[in-house]
Amino acid sequence: MTTSGTTRGLQKITIRINNRRYYMTVYLSGKYTVLTGYSGTGKSSFAKYSTRKSWVVEDSCKSVLVSDITTIVDAYNADAERIFILDEQIVNLLDNRLCGLMNRSKCRFLFISRKVPKQFSVDYRDIYKVENLKGREFATTPIYKDYTSFRRSNSYICEDNKSGFQYFSNVLNNVTPGDGLPNVVKRVGEFESAIVDGAACGAYMSDLVASDNLYAPISFEYLCCKALWRDFEIPDDWWKNFHSREAYCTNYLATHSSQFKFNYSKEKCPPYLLHMKLIPEMKVGTKLQQYADSLFGCDVEEAFNTLKNEYGATSYEEAEELLKYVTF
Amino acid sequence: MLYLYFNWAECPYELDYLWEEWFDGNYEESWLFTDFAKKVMREIDQVTPLSFEAVESDILGVLSPTWLSGGVKTLLLLEQQRPYQSEASYLGDNCAPYLEELSERLDIHMHFDIPFQFTNTQKAIFPELNNQIIVGTEELLRARRKNYDYKWDYTWSAEDND
């Protein structure tokens, strides 16, 4: 098994099984990766073959086929090098307690199931289908296209009803809180656009794609981090300590936002973020953002530090107030 | 006829989520040699049945019938009228024409748990909607989005984790 580079910020690991009859590559890009697709494309065969170590060509990582749910307990204690493969029947048996163990483990999991389990925060970009390339060679490709570019509409339904909704209702017109993904799925036909967290909507994605105009960034916190820190990227090994990319971004924002003298919480969007330009397609933004844009190649943190050093601004409010009198 | 249920608990039969395991331990030779079984094995898995113990795959060689795909096993079990409820997620979208063929001659009860792509001529009865008959994949999926409640799913929801 090798790490074969990073594409779109997603780490990819390849497993190849070659017994001269069957050759298949599977990409594992998140903590939970889902393999789905037509019947008879070799998903379950892949799971069975992956346990035959002499047939696995690239094998620097141990893969474990979960044949019994008690094996999940091993995942909790295992090292980060292991990949646990769960076939459809095992996925159906997972309960809340096992889900908690899997979320806290340092391993990765591959679900081979058409039904994406709802108790896990699965990123829609981590859902793959199996395709027959030629003859006996199979490969996996992402099942959904990219939904991270924003397009303006007349009405929106927002999955979040807390900080994310507070922000989007502040900068867009006609935004309705969805109060959870199941409700968004039910009402998606009533609105022109739907705004959801891409890092957690995998289980509902097959219904959500019915929306004409879907906007699914990783999460609201990811947009905040990208706006505040120009070089912010989710590291490739985020899954060792977090169960989703959203959890990583929330933790990062909560621990690093104190330098701007505000504490981020999911319950209430800080006033400073309410006026920021989080979506690149938007034209408005805070004074501090505009100031950062005017200083070539600066991000918000660097602009804030400049104001702090030159004018003694100690908080974002002071910085905003100061910039009312500064021409840039 | 195909009977679809939004809520799995409304179905008159028990939900069987260990269907593959049950097939592996209980299949009979006659199940593999019906015209329908031979057709679905060939079209979906590229497999020809040889005997009770063996099927021949174009790609993987001679195998045990326990290596058949989940979709084919489900169709074979449906043809044998096993008195259990199945789920739409047991079948890949490429099984839709065979499901339609089967539902024309047998009664099939199925939990509509994923947005399965039926054929455009598939007829289905919804007992939860006063036995309303809906035809075609677009209409069936629209009915699902409107009426499906995710609390009816037997798996745990993400909210339970908080």
Side-chain angles (χ1 to χ4, degrees), chain A residues 19-22 36-45 48-49 87-100 103 112-122 129-130 132 135-138 180-183 185-189 200-201 203-210 243-244, chain B residues 15-22 40-47 57-61 63 66-75 87-96 98 111 113-117 138 141-142 144-161:
Chain A
N19 64 344
R20 293 184 187 169
R21 285 182 176 148
Y22 182 88
T36 181
Y38 285 168
S39 293
T41 45
K43 304 185 291 295
S44 302
S45 303
K48 288 173 187 165
Y49 281 149
D87 210 346
E88 195 153 24
Q89 293 196 62
I90 299 293
V91 173
N92 285 342
L93 293 172
L94 294 175
D95 69 4
N96 217 15
R97 211 164 37 136
L98 292 169
C99 165
N103 278 344
I112 297 180
S113 171
R114 266 179 285 276
K115 190 173 179 176
V116 182
K118 293 184 181 64
Q119 61 269 54
F120 297 100
S121 295
V122 178
K129 65 179 173 186
V130 181
N132 190 345
R136 290 166 178 171
E137 192 173 338
F138 295 83
L181 276 164
N183 287 325
V185 170
K186 274 191 156 185
R187 301 185 62 192
V188 75
C201 71
Y204 302 90
M205 201 61 186
S206 50
D207 284 309
L208 285 170
V209 290
H243 69 277
S244 73
Chain B
L15 178 67
D16 180 15
Y17 49 82
L18 290 174
W19 82 107
E20 269 197 77
E21 207 168 89
W22 195 90
V40 294
M41 280 194 266
R42 170 97 326 254
E43 302 277 325
I44 297 172
D45 281 359
Q46 292 97 50
V47 156
S57 163
D58 293 354
I59 295 172
L60 301 172
L63 300 165
T66 57
W67 279 67
L68 289 171
S69 69
V72 167
K73 284 180 187 175
T74 307
L75 288 169
E87 296 219 334
S89 59
Y90 296 174
L91 299 165
D93 290 344
N94 55 339
C95 298
Y98 310 103
H111 178 212
D113 61 335
I114 59 162
F116 183 77
Q117 297 290 322
E138 283 301 314
L141 292 177
R142 194 170 298 133
R144 181 182 183 277
R145 271 199 301 280
K146 259 177 131 177
N147 298 288
Y148 192 77
D149 191 330
Y150 285 85
K151 285 175 190 160
W152 292 338
D153 209 329
Y154 65 85
T155 56
W156 298 82
S157 69
E159 285 76 25
D160 293 334
N161 294 324

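Here the structure is a predicted model, which means the values were calculated and not measured. Just so you know, these numbers use all the heavy atoms, side chains as well, and skip hydrogens, waters and symmetry mates. Naming convention: chains lettered A, B, ... in sequence-line order (proteins, then strands); numbering from 1 in each chain.
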Can you say whether B:I44 sits under 4.5 Å from chain A via the side chain, the backbone, both, or neither, judging by heavy atoms?
both
Positive for side chain to side chain contact (heavy atoms under 4.5 Å, CB included) with B:E87, one of B:T74, B:D113, B:I114:
B:D113
Considering only heavy atoms, which portion of A:S44 lies under 4.5 Å from any heavy atom of chain B: side chain, backbone, both, or neither?
neither
From A:Y204 OH over to A:N183 CG, what is the distance, rounded to the nearest 0.5 angstrom?
9.5 Å
With a 4.5 angstrom heavy-atom cut-off, which part of B:L91 approaches chain A: side chain, backbone, both or neither?
backbone
B:D58 side chain near B:R42 side chain, heavy-atom distance below 4.5 Å
yes
Quick one: what part of B:R144 sits under 4.5 Å from any heavy atom of chain A, side chain, backbone, both or neither?
side chain
What distance separates A:R114 CZ from B:Y90 OH, expressed to the nearest 0.5 Å?
11.0 Å
